[in-house]
Amino acid sequence: MIQIAPSLLSADFLHLEKDILLVNAFADLFHLDVMDGVFVPNISFGFPVVEAVARQAEKPLDVHLMIVHPEKYVERFAALGVQFISVHIEACEDLSSTLSQIRAAGAKAGIAINPETDAALLKPYLKQADFILVMSVHPGFSGQYFIEGSLEKVARVREMIAEAGANCIIEVDGGEGMHNIAALEAAGASDLVAANAAFMAAEP
Ligand code: DX5
Ligand code: ZN
């Protein structure tokens, strides 16, 4: 069963409660894109917003850290009750220890990987991760087009997970909507992130 994780990046921040209730009623996870203006060329939101969402969320929180030095902040997110935390392979100086840190803090540990990053780099870490977040757009902004090669990348990651005997699930992030859900599920994704397709739709 595919899980849908609406990204609050495209939510209405003036009426956030309305969009939180929508996710509570119709989706599976809250995807929270935290950006620092350094790892990605955009700044989104941080602890105060995640804390506010946590107070009303009835579905698990999934924090996607697009920041440098994520190891400095994972405990603070876990302390807010965040159940899934992903960090970028490109941003971690010591990925193994950051993943252990996330698990030790009581959250599920995810490795996010940019479109231009070779999936083979994930190999040594698969058993230390609970999920892999395959970026299907360049991180930083919602509303971009799905990068086509991402389907093959998802399939490749699924094979690598099987070969390694690991049991992480695959989350795919960026440019998703009704048009590609079925193909992504067939390629091995079990968790789909959607910002624009969820909140900018005529009928979210
Ligand atoms: C991009 C974020 C995504 C983004 C997805 O950096 O990681 O989660 O919000 O937006 P859509 O679904 O509109 O492509
Ligand atoms: Zn994201």
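Atoms within each ligand, like the ligands themselves, are counted from 1 in listed order.
Annotation for ligand 1: atoms under 4.0 Å from non-hydrogen atoms of Leu9 are 9 (O). Within ligand 1, counting atoms from 1 as listed, the ones closer than 4.0 Å to a heavy atom of His31 are 8 (O). Near Ala194, with a cut-off below 4.0 Å to any heavy atom, the atoms of ligand 1 are 12 (O). Residue Pro139 approaches ligand 1 through these ligand atoms, each under 4.0 Å from one of its heavy atoms: 6 (O). Contact atoms of ligand 1 toward Met35: 6 (O) (distance under 4.0 Å to a heavy atom of the residue). Near Met135, with a cut-off below 4.0 Å to any heavy atom, the atoms of ligand 1 are 7 (O). Taking every non-hydrogen atom of Gly174 and a distance limit under 4.0 Å, the qualifying atoms of ligand 1 come out as 14 (O).
A salt bridge between Asp130 and Arg103 is present, with a side-chain N of the basic residue lying under 4.0 Å from a carboxylate O of the acidic one. The pair Arg156-Asp118 counts as a salt bridge, with a side-chain nitrogen and a carboxylate oxygen less than 4.0 angstrom apart.
Counting heavy atoms closer than 4.0 Å to ligand 1, residue Ser7 contributes side-chain atoms (C-beta onward) but none from N, CA, C or O. Counting heavy atoms closer than 4.0 Å to ligand 1, residue Asn196 contributes atoms from both its backbone and its side chain.
Between the side chains of His64 and Asp173, at least one donor N or O sits under 3.5 Å from an acceptor N or O. Between the side chains of Glu71 and Ser97, no donor N or O sits under 3.5 Å from an acceptor N or O. A donor and an acceptor atom, one from each side chain of Asp33 and Ser44, are nowhere located under 3.5 Å apart. Side-chain contact annotation: Glu17 with His15, donor-acceptor N/O pair under 3.5 Å absent.
At least one heavy atom of Phe141 lies less than 4.0 angstrom from ligand 1. Taking a 4.0 Å cut-off on heavy atoms, Gly143 registers as neighbouring ligand 1. Residue contact check for ligand 1: Ser10 places no non-hydrogen atom closer than 4.0 Å to it. Under a 4.0 angstrom heavy-atom cut-off, Met66 registers as being in contact with ligand 1.
With a 6.0 Å radius and a threshold of 12 heavy atoms from other residues, nucleotides or ligands, Glu93 has its CD atom at or below the threshold. More than 12 heavy-atom neighbours from other residues, nucleotides or ligands sit within 6.0 angstrom of NZ on Lys18.
Closest protein heavy atom to atom 6 (O) of ligand 1: Gly140 N, 2.6 Å. Nearest non-hydrogen protein atom to atom 14 (O) of ligand 1 is Gly175 N, 2.7 Å. Here the protein heavy atom with the shortest distance to atom 5 (C) of ligand 1 is Asp173 OD1, 3.6 Å. Nearest protein heavy-atom contact of atom 12 (O) of ligand 1 is Ala195 N, 2.7 Å. At the shortest separation from atom 2 (C) of ligand 1 among protein heavy atoms lies Asp33 OD1, 3.4 Å.
On a distance-only criterion, His64 and ligand 1 share at least one N/O pair closer than 3.5 Å. Looking at Val193 next to ligand 1, no N or O pair under 3.5 Å apart turns up. Where the criterion is an N or O separation shorter than 3.5 Å, residue side chain and backbone included, Glu176 fails it with respect to ligand 1.
A donor-acceptor pair under 3.5 Å is absent between the side-chain atoms of Ser190 and the main chain of Ile169, judged by distance alone. Under a 3.5 Å cut-off, the side chain of Gln144 and the backbone N or O of His138 do form a donor-acceptor pair.
Centred on the Zn ion (ligand 2), the NE2 atom of His31 and the OD1 atom of Asp33 lie at an angle of 90°, reported to 10°. Between His64 atom ND1 and Asp173 atom OD2, the angle centred on the Zn ion (ligand 2) amounts to 90° (nearest 10°).
A 4.5 Å side-chain heavy-atom check between Arg55 and Val53 finds every atom pair outside the cut-off. The closest side-chain heavy-atom distance from Leu184 to Phe146 is below 4.5 Å. For the pair Glu176 and Val172, the minimum side-chain heavy-atom distance is below 4.5 Å.
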Please determine whether side-chain hydrogen bond (donor to acceptor under 3.5 Å, both in side chains) holds for the pair Glu90 and Thr117, giving the CA-CA distance in whole Å, both sets of side-chain angles, and the decisive distance to 0.1 Å.
CA-CA 8 Å; Glu90 305 87 0; Thr117 302; 2.6 Å; yes

